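Report on the structure given below.
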Amino acid sequence: MGKQVAMTGNIAVANAMRQINPDVCAAYPITPSTEVMQQFASFVADGKVDTELVTVESEHSAMSAGIGAAAAGGRVMTATSANGLALMWEMLYIASGNRLPIAMMVINRALSAPINIHGDHSDEMGARDAGWIQMYSENGQEAYDNIIQAILIGESEGVLLPAMVGMDGFIISHSIENLELLEDKQVRDFLGEFKPKHPLLNINKPITMGPLDLQDYYSEHKRQQAQAMQKAKAAILKVAKDYKAVSGREYGFFEPYKLEDADIGILTLGSSAGTTRFVVDLMREKGIKVGMIKLRVFRPFPIEELQQALSHLKALAVMDRSDSFGAAGGPVFSEVRSALYDLPARPKTVNYIYGLGGRDLGISPIERVVKDLQEIHQTEKIKELVTHLTVRE
Amino acid sequence: MATMEDFHGVKEVWCPGCGNFSILTSLKKALVELQIPPEKLLLVSGIGQASKLPHSLQCNFFNGLHGRALPAAMAAKVVNSELTVIVTHGDGDCYGEGGNHFIHTIRRNVDITCIVHDNKVYGLTKGQASPTSDMGFKTKVQTHGVILNPLNPIALAISLDCSFVARGYAADTDYLTELIKKAMTHKGFSLVDILQPCPSFNKVNTYQWYQERVYHLEEDREFNPNDQIKALQKAGEWGQRIPVGVFYRNDRPTFEEQIPALRDGPLWKQDIRKNLVQEVIKEFY
């Protein structure tokens with residue numbers, strides 16, 4: 001069995017990395033993710049891992065070094081935030097296009113400008129089309145569990161995709177909570193050794209990676225990437241099942257809460273799920289049939305599963321901690337609403353953009369969302385499709 | 001008359017003893033002595049402790065991204081050459097993530113001043129090695145000491161034939177003020193790399209460490225800042241004795257002088273000459 005410890009989200013993730021013992025980590029400091037690599041560097045210095053830690057001059061270089069190491073056949077990890085992830089953008093596509101299962105912790109932070117160091121999802125959501133598996137975490141425990149699972153999901157047969165795991169900056173990364181770490185041996189046995197299929201260092205079978213690929217085969221390779229992302233769904237569930245056997249903790253694409261008999265529901269991801277769960281309980285005491293669904297996996301997007309889970313609702317609020325300016329709402333909303341489109345009877349769905357730049361989502365804004373949903377349920381009319389919550393008028 | 005008070009911005013938020021305080025004072029003094037009023041001044045910065053300087057200096061200010069201050073500053077100067085444009089950022093910002101911009105801004109030779117608060121460490125992210133950290137410098141990440149050769153910004157700039165290359169020392173404020181004034185009045189791209197102690201995260205290159213080593217280039221009577229080879233030799237001096245002062249200067253033409261469109265003054269002042277544009281358009285319709 002694992003042991004109970006009190007630590008911040010960042011330290012929990014650094015400990016996951018220690019237990020994973022990756023071959024190569026390349027990183028550049030950026031708030032609020034700096035602490036992950038700093039703690040990990042002490043593990044390297046103390047000889048607790050065999051990792052080659054490469055400190056570079058930019059995040060673009062960090063991902064580039066990671067790509068080189070992964071192409072050579074190594075198990076590779078890094079961590080970043082906000083503009084660090086944005087600077088990696090070009091290289092994110094190189095990693096996924098070359099099918100290199102790098103695992104990255106993204107300590108979610110608002111993108112500049114204006115400069116803001118606090119938590120929102122604009123960084124990771126901005127990379128949602130980069131061909132990376134994407135997961136979000138409610139707390140430090142989930143961040144720890146998700147990053148360990150991300151290694152195996154990405155390396156799975158037929159998948160071979162990089163994966164990023166999000167954790168809300170400061171709200172989770174710098175808050176101390178009780179969580180359970182697995183034993184080092186449990187993690188190492190769970191992950192096993194990475195045996196890359198086509199490493200560049202295999203001198204008996206020389207290969208080329210990333211060359212010119214024009215009208216002749218580019219489309220086929222992109223379709224293979226799309227298919228790999230679909231295959232990742234089975235891998236995510238299989239890895240979750242195996243992880244439950246080790247940890248006792250259960251994971252899926254999402255986690256429903258008091259949703260079965262609910263009339264109205266709130267879909268959210270990340271740290272706000274904790275507050276939302278609390279409000280659901282408050283409302284339930286008043287007899288309001290509201291439930292919550294916490295999305296864990298955003299890429300691949302679990303369309304059919306969400307259809308099943310949400311079809312009975314009359315009204316649904318989708319919470320977005322980032323905006324997609326000029327779009328039909330936030331990125332989560334666009335995808336969820338699109339997923340519901342083919343249902344013969346679907347909930348009326350509205351969107352709330354909240355918590356940008358780390359602004360706190362307290363209880364009362366979520367109570368307001370519930371009130372709006374009740375009204376939509378009763379009148380069957382939507383007054384406002386997209387609402388900016390927690391913002392001055 | 002612009003006074004020190006005219007430039008007074010929000011309260012500084014650096015650690016006690018930070019070299020940034022005296023850099024801020026020297027810069028303000030230089031502005032007052034050159035009588036550059038706040039409205040004619042544009043400060044451009046990136047991300048880092050040094051890049052927070054403009055918060056505490058009342059003037060026009062563009063806060064860009066980490067490593068990306070120079071391109072924004074160049075563009076602003078080209079569009080409005082009447083502005084005094086000063087970039088203020090750190091060693092990580094200018095020589096690390098912005099290293100490529102540093103090289104090509106020197107080549108372009110736009111008439112701006114680039115002030116680098118060189119504390120040889122990342123201050124904002126709490127003490128990782130920077131591109132100018134000396135070999136063997138230990139941090140919480142570089143636990144066994146830096147194994148890379150430090151970047152020598154003075155030598156790099158001189159070898160690129162940078163129009164004006166100087167090094168100052170944060171604690172030598174009067175001398176630093178004069179250096180900043182020389183840089184600002186020089187026509188062309190001017191670099192002022194400032195040796196800046198960081199009491200929180202750099203326990204090696206301290207005030208005492210610099211105090212024992214720093215000397216003014218003027219003490220060497222043979223030295224001539226117009227001689228590129230001699231300047232390069234001086235740039236290599238580090239360790240027991242560290243020179244500060246103007247290493248190198250030349251009068252090569254600025255970017256602005258070579259662009260025909262800028263010969264009639266700043267872009268914003270020029271007549272767009274709509275009639276001419278319309279005549280060109282007419283040819284196609």
Side-chain angles (χ1 to χ4, degrees), chain A residues 10-11 14 17 25-49 51-65 78-89 107 109-117 123 169 173-174, chain B residues 13 44-52 54-55 61-69 72 89-103 120-133 135 137-151 153 156 201:
Chain A
N10 272 350
I11 301 300
M17 291 174 68
C25 281
Y28 187 80
I30 184 167
T31 308
S33 72
T34 306
E35 194 184 23
V36 174
M37 294 314 293
Q38 188 158 300
Q39 178 65 42
F40 187 71
S42 73
F43 295 143
V44 175
D46 295 344
K48 300 209 167 141
V49 287
T51 308
E52 182 71 33
L53 176 64
V54 192
T55 54
V56 289
E57 61 288 328
S58 80
E59 289 86 354
H60 191 281
S61 305
M63 186 45 65
S64 301
T78 187
T80 194
S81 295
N83 288 71
L85 181 62
L87 189 58
M88 284 180 184
W89 198 81
I107 318 301
R109 163 186 154 179
L111 283 174
S112 294
I115 300 162
N116 181 302
I117 57 169
D123 52 2
S173 70
H174 285 62
Chain B
V13 285
V44 182
S45 80
I47 300 290
Q49 293 293 358
S51 289
K52 280 153 66 176
H55 301 179
F61 170 38
F62 183 84
N63 200 162
L65 285 173
H66 186 53
R68 318 292 165 192
H89 48 181
D91 42 313
D93 204 323
C94 186
Y95 305 140
E97 197 141 313
N100 206 14
H101 297 306
F102 178 63
I103 290 169
K120 300 169 159 289
V121 73
Y122 286 114
L124 192 73
T125 53
K126 313 285 178 276
Q128 299 79 20
S130 91
T132 55
S133 298
M135 280 179 89
F137 183 70
K138 286 184 182 171
T139 77
K140 288 175 192 164
V141 175
Q142 286 81 12
T143 49
H144 295 293
V146 173
I147 55 170
L148 309 183
N149 244 334
L151 184 143
L156 176 60
F201 301 113

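Within every chain, numbering begins at 1; the chains are lettered A, B, ... in the order of the sequence lines, protein sequences first and strands thereafter. Owing to the predicted nature of the structure, the values given are computational and were not obtained by experimental measurement.
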Under 4.5 Å from any heavy atom of chain A, what part of L148(B) do you find: side chain, backbone, both or neither?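 For L148(B), no heavy atom lies under 4.5 Å from chain A.
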Neighbour count >12 (heavy atoms, 6.0 Å) for atom CZ, F61(B):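 Count over threshold, so yes.
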Can you confirm whether more than 12 heavy atoms, excluding those of K126(B), are under 6.0 Å from its NZ atom?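 Yes, NZ of K126(B) has more than 12 neighbouring heavy atoms, counting only those of other groups under 6.0 Å.
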Side chain, backbone, both or neither: which part of [X] has a non-hydrogen atom closer than 4.5 Å to chain B?
X: T34(A); value: side chain
X: I115(A); value: side chain
X: E35(A); value: neither

Applying side-chain contact (heavy atoms from CB on, under 4.5 Å), can you list everything that pairs with S58(A), at least two apart in sequence or on another chain?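 Per chain and number, S58(A) pairs via side-chain contact (heavy atoms from CB on, under 4.5 Å) with H60(A), S61(A), L87(A), E97(B).
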Could you tell me how the ring of H66(B) sits relative to the ring of Y28(A): parallel (under 30°), tilted (30 to 60°) or perpendicular (over 60°)?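 If you compare the ring of H66(B) with that of Y28(A), the planes turn out tilted.
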Mind listing the closest non-hydrogen atom pair of Q38(A) and K140(B) along with its distance?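 Reported closest heavy-atom pair: NE2-CD, 2.9 Å.
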Counting heavy-atom pairs under 4.5 Å to chain A, which of V146(B), V141(B), T143(B) comes out on top?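 Looking at each of V146(B), V141(B), T143(B) in turn, V141(B) comes out on top.
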Close side-chain approach of T125(B) and T31(A), heavy atoms under 4.5 Å: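 With C-beta onward as the side chain, the pair touches.
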Going by the rule side chain to side chain donor-acceptor pair (under 3.5 Å), which residues pair with S64(A) if we only count those two or more places apart in sequence or in a different chain?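 In terms of side chain to side chain donor-acceptor pair (under 3.5 Å), with neighbours along the sequence ignored, S64(A) is linked to no residue.
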Report yes or no: do T55(A) and Q128(B) form a side-chain donor-acceptor pair below 3.5 Å?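 No, no side-chain donor-acceptor pair sits under 3.5 Å.
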